[in-house]
Amino acid sequence: MLKNEKLSDEKFQAIRKEVLESWPTGAEVDIDEAVEYHKLHMADRNVPKRFLRARAEGDILIQPRAGISPINACIDLLQHLQDEGLADILPTSVDSYTRANRYKDCEEALGKSEREGRSFLNGLPVVNYGVKNLRKLVESLKNPMELRTSSVDARLSAEISLAAGYSAFIHGPICPTMHYHKNAKLGKAAEYYQHIFRLLAVYTEKGVPMTADVFGTFSNVGVPQSFIFSNVIIEALMAAAQGVKYIWPNVIMQGNLVQDVAATQVLPGLVQDYLEKFGYKDITLMTIANHWTGPYPIDPQGAYALDAINTVAAVLGNADQIMVKSLDQGLALPAKEANGAALRFTRLMIDYLKKQKVAIGGDDLEIEKAMIIKETRQLVDKMLEMGDGDPIIGAVNAYEAGVMESPFSSNVNYNRGKVMVARDSEGRCRYYDIGDLPLSKDIVKFHQEKLKDRIQKEKREEDDINLITDSILSLSRGYLV
Amino acid sequence: MLKNEKLSDEKFQAIRKEVLESWPTGAEVDIDEAVEYHKLHMADRNVPKRFLRARAEGDILIQPRAGISPINACIDLLQHLQDEGLADILPTSVDSYTRANRYKDCEEALGKSEREGRSFLNGLPVVNYGVKNLRKLVESLKNPMELRTSSVDARLSAEISLAAGYSAFIHGPICPTMHYHKNAKLGKAAEYYQHIFRLLAVYTEKGVPMTADVFGTFSNVGVPQSFIFSNVIIEALMAAAQGVKYIWPNVIMQGNLVQDVAATQVLPGLVQDYLEKFGYKDITLMTIANHWTGPYPIDPQGAYALDAINTVAAVLGNADQIMVKSLDQGLALPAKEANGAALRFTRLMIDYLKKQKVAIGGDDLEIEKAMIIKETRQLVDKMLEMGDGDPIIGAVNAYEAGVMESPFSSNVNYNRGKVMVARDSEGRCRYYDIGDLPLSKDIVKFHQEKLKDRIQKEKREEDDINLITDSILSLSRGYLV
Amino acid sequence: MTINIVTGVIGSDVHTIGSKLLSYAIRKAGFNVTDIGVSVSQEELINAAIETNSQAILISSLYGHGELDCRGFRAKCIETGLNDIKLYVGGNLVVGKIEWPEVEKKFLDMGFDRVGYPGMTPNQVIEWLEEDLK
Amino acid sequence: MTINIVTGVIGSDVHTIGSKLLSYAIRKAGFNVTDIGVSVSQEELINAAIETNSQAILISSLYGHGELDCRGFRAKCIETGLNDIKLYVGGNLVVGKIEWPEVEKKFLDMGFDRVGYPGMTPNQVIEWLEEDLK
Ligand code: B12
Ligand code: B12
């Protein structure tokens, strides 16, 4: 039965056996051999170590999202993003078949690609390539690597990529369940991610530090940060329970400087508090600020501008890494040049800003911080309550009961469509309808007054539906409010 | 003799006669006819009116630097910057011959251009084209226009462009004298600019508002803002004395957010104080923030990044207009696409930021503001003292005596090479050597301690000359410090 | 008389925001909307339209496989007796940077009545519906 | 023995910062620098070099007319008896976006010994001087 405690060695090995036997390349995975490989070949390309160095130097790292097939094209792409884009951490996104564990389909697509000379996969099928091939890619680059899947069951991808030299892995169970699947169940996903977190910890215990990049859930429509953070905290507690020592809590920039800085600044403290509450020690947290993950402007100048304000907020919020959005994000699959340009642009903005200590926001910032902290605690504490103290059981129960609801989730199991969000007159994200979220009356009132204020200022009708549409689309239209 | 008082009508007309007769197209100028033209055709394309509207709407306008020859190419360029770049105010920069009043050379160059099908002028020779031709250009655009020369004697360019439909004119006497000429004398330049300011005022008195865009002097090496502002104030007092009612004080962004915001915020108040002190009433001030005017990065992503941080500072500082630098500023003459992209980018950044009220800097900001105010007052008051209360006589005397010295000026008459500037550990601009500037000991100490702090932090040698070089070039290298 | 409409996201696409936003807006505008969610097949859309006696099907496709997923849809509608039904499609319909007029033409040729473009407002869709159905 | 050097900005160019910065740095490095300022002619540069018995002339050109302004400079030096003088030039030497190697070649072909590029450090120039003159 699901429980937030460290997998026993037997259980872990039993799962691994099953997972590794599910596709031939699984046989290439040998943790001890992989640990040696990491120590010999990846020592200066280890994600957690790179972050510790950056923090000592007062630097902020950048990472794109990228991944294509076949592997040689992927190497070209990542080399470009590294050398021209100046990316510090290199990603590999897997394709949709891999996400769905349809390795057979990957194989067919790879064959067809070879025959027809063009790709039929929207990412790199890391499982099909296997450890040996993937190591070629890893060795062709000089920077550390993170694997990016958004699968409910990403276990084999994790086994293979970590053995191949990757040292960070994205996601816990929540985001893939809420935003990438129609029917997935959170409880099942949580089991799968326990294995991945345990795997990261095992490597770390054997002397190869590995990072769990806990994303919580997407903000695609402009969601109050507390909602995202409550999910991040659950996943951080899950990772910590498996023994993970390097955790990346994520925050998504939403366009309002004060609110974004407030969020970025409070996130690590909030996560730390809960880790301590559960007695998890010696965990290093690094804050990952994401450029806005919702709809982007189609105009490349708009994308530059949105990347710019997101970068300012991330730097002023003391993020450790910025996840960079490509300039063609609003338009089509990122081309290498547009992705490289966005990275290089972000890198240079960081270099202009990183030595500047800028106090921002004043009392206004303090209010936003206090609200985020208070709201997050109410959400997390309710989940803990619903799990009798167990965060993951609590999260599953809360989501099943609709007490937690990810706005505009794709998953029919968890989308009651009650929670609705909108931006206030300064573009800050507020609850339009709180649905069944467990938030206290004063908080609800705070949000509603902010929205009322906008409705009045802009002389809108009380129930103007365009308020929601305008809020969701404003950044993609090239303005905030 | 030079004196800061309104030109008498006779004197004004006498000067005008001489100026207008200096080249045939001068005969096309008839102020009363031009006033009618403005009222009929330019009513919705008037610079001051456009600014008042923007301020009422909480908007910030953008303007590029641009101007090429022949006139049809210039029309194409400006239409592109207006339609694709979204420029609100359209500039026309004149060519170097026009700046030097060498209209005969312009004519030859225009002839040669026509014969050989390519341009030999680096701007539009507005005098040679004359009022009628220039009106074609003005009418081909839907936005208001400003003329940009940097001549010591720009009188005929002013007469012709304002008669043709322009409603703003850049510069007072200081910047052209210090940075565009080897031998010019400030006193003479001041006389020429009195005529231009009076001309702007006459139009305004006849019902066509016109703006004096007083630039003070350039910051190409990172000069403490107080130095620039003291020059701006002298020019504002000159303009006001001639009856100008719309004045644009300029501030140059230098890369440090807090210092730039402090400067942008205090500038209008400082100018207003001195205007009031001299009894000038009903003057509308609009703050113009310039993207960094010193060396730019060659890398276009660096230019985007520098434009970005400058734009953030300008918006948070409540500027009314941003003068936008093209993406190829560091490289070569701006191409229309690069200039348009920079504009559109800046426009979109403004639109993301303008509704956000962001307190920035805290006490740190207050200190910078206080320093700028105190320093500016000391410089201006010294000039007033040296002119027995007359700002322009005082400025001339101070510059002649070397009490004022524009760092890295091109003019042999005013460059003793004593004043030296550098950036502190946060990238703020400080005096490395105060030369003979009339600043009090506590101020000198403040600057020197800031630099000493950087020298220590970076473990440099006391007299490390690279501190100056690194300070001047840092932004162009893609970082602040 | 209320007009019935079916909305859904075709193929294995999980992008739900545009479709949900449209459903929300159209409903507010007085239409009766049945939103069958993400990752639906042509058959599911048609069945929903038959069941609800709908006059229009609004298909979203964001992930790039719209062309593949929508192929033959009009024919299948006619096959099942939905002769006069209005078919709209919208989103990021194709992979790669193809000019809009070309994209629109492609889908009009495939038998769609209206083709929605990225960044369009729900209001525009409502206008189309009112023009086409009232 | 101190080495004498002349610096100046050629043509009607008024960009003084790079040249002043160079002069400042070279002076600090122990050279004896005569900076004749902006907007100087070929003759003024040569006369200054003769007067100061200089071993190198460092010409800056930023405004784009460098090629025109520098044409025939080596010949004119030889004409006036400056046979062995080192000639450096640097700045934004040409109008338009021309690749660096091409720009460099152009000026080397014109008889310059070293061609400075935009963004280069004064230290690099000092290294050249030390290599060429010491
Ligand atoms: C949010 C988002 C996601 C979220 C979706 C979450 C969710 N719960 O919906 C997540 C993170 C899960 C996601 C996943 C993926 N995404 Co995505 N995603 C986006 C993003 C950023 C915004 C989409 C959005 O919500 N827009 C807001 C809504 C309101 O706008 P809209 O959907 O366009 O709808 C409007 C109009 O199009 C129109 N409209 C829409 N439908 C219809 C229907 C009709 C009939 C009409 C008339 C009009 C109409 O009206 C709507 C209202 O204005 C876009 C990029 C962007 N636009 O900035 C990429 C984007 C759509 N995604 C893309 C891709 C590739 C993917 C992935 C394959 C990425 C990957 N490799 O992981 C997966 C796909 C998973 C899957 N199987 O579907 C690509 C698609 C490329 C293409 N078409 O060529 C885009 C363009 C990003 C990019 N540049 O690469 N994505
Ligand atoms: C500041 C500046 C000005 C100031 C100059 C003030 C002053 N007192 O010097 C002002 C505003 C007056 C100005 C005017 C003009 N400028 Co201007 N200016 C610049 C700017 C922004 C910075 C130049 C600078 O100071 N760089 C810093 C110094 C330290 O670097 P540097 O000069 O390049 O020198 C370094 C190296 O090149 C090298 N170096 C320099 N000289 C030498 C010599 C030797 C022997 C060696 C080895 C090396 C070397 O070492 C130096 C140290 O690192 C540049 C664009 C840029 N770079 O961002 C444009 C730029 C140089 N200007 C340009 C133009 C066109 C003009 C104007 C014609 C503009 C106009 N239409 O009004 C006028 C020209 C007036 C004239 N007759 O000269 C263009 C030149 C285009 C071209 N070459 O194709 C540029 C590139 C801007 C642009 N993108 O259009 N400008």
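Worth saying up front: this structure is predicted, and the values here are computed from it rather than measured. In what follows, every chain begins at residue 1, and chains take the letters A, B, ... in the order their sequences are listed.
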Next on the checklist: With no hydrogens and no angle check, just 3.5 Å: does a side-chain donor-acceptor pair link A:Ser326 and A:Gln329?
Outcome noted: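 No, no side-chain donor-acceptor contact under 3.5 Å.
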Checklist entry - Can you find a side-chain donor-acceptor pair between A:Glu400 and A:Tyr414 that sits under 3.5 Å? => result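 The criterion, which ignores hydrogens and geometry beyond distance, is satisfied for A:Tyr414 and A:Glu400.
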Heavy-atom distance under 4.5 Å to chain C: side chain of [X], backbone, both or neither?
X: A:Ser96; result: neither
X: A:Asp463; result: both
X: A:Asp328; result: side chain
X: A:Asn415; result: side chain

Checklist entry - Could A:Glu405 and A:Lys418 be called an ion pair, given the rule that one side-chain N must be under 4.0 Å from one carboxylate O? => result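 Looking at A:Glu405 and A:Lys418, the cut-off is not met.
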Next on the checklist: Between C:Arg71 and C:Glu67, does any side-chain N to carboxylate O distance fall below 4.0 Å?
Outcome noted: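 Between C:Glu67 and C:Arg71 there is a salt bridge, with a charged N closer than 4.0 Å to a carboxylate O.
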Checklist entry - Quick one: OH on C:Tyr88 to CH2 on C:Trp128, what's the gap to the nearest 0.5 Å? => result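 The CH2 atom of C:Trp128 is 7.5 Å from OH of C:Tyr88, to the nearest 0.5 Å.
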Checklist entry - Which one, A:Asp470, A:Asn411, A:Asn466, leads in non-hydrogen pairs under 4.5 Å with chain C? => result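 Greatest number of close heavy-atom pairs with chain C: A:Asn466.
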Next on the checklist: Quick check for you: among A:Ser409, A:Gly417, A:Gly330, A:Ser476, which has the greatest number of heavy-atom pairs under 4.5 Å with chain C?
Outcome noted: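 Heavy-atom pairs under 4.5 Å are most numerous for A:Ser409.
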Checklist entry - Going by heavy atoms in the side chains, are A:Ile455 and A:Asp464 under 4.5 Å from each other? => result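 Heavy-atom side-chain distance check fails, nothing below 4.5 Å.
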With only heavy atoms counted, which part of [X] is less than 4.5 Å from chain A, the side chain, the backbone, both or neither?
X: C:Leu93; answer: neither
X: C:Asn123; answer: side chain
X: C:Tyr63; answer: neither

Checklist entry - side-chain hydrogen bond (donor to acceptor under 3.5 Å, both in side chains) with C:Thr7: which of C:Ser23, C:Ser60, C:Ser54? => result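 So the option named by the test is C:Ser23.
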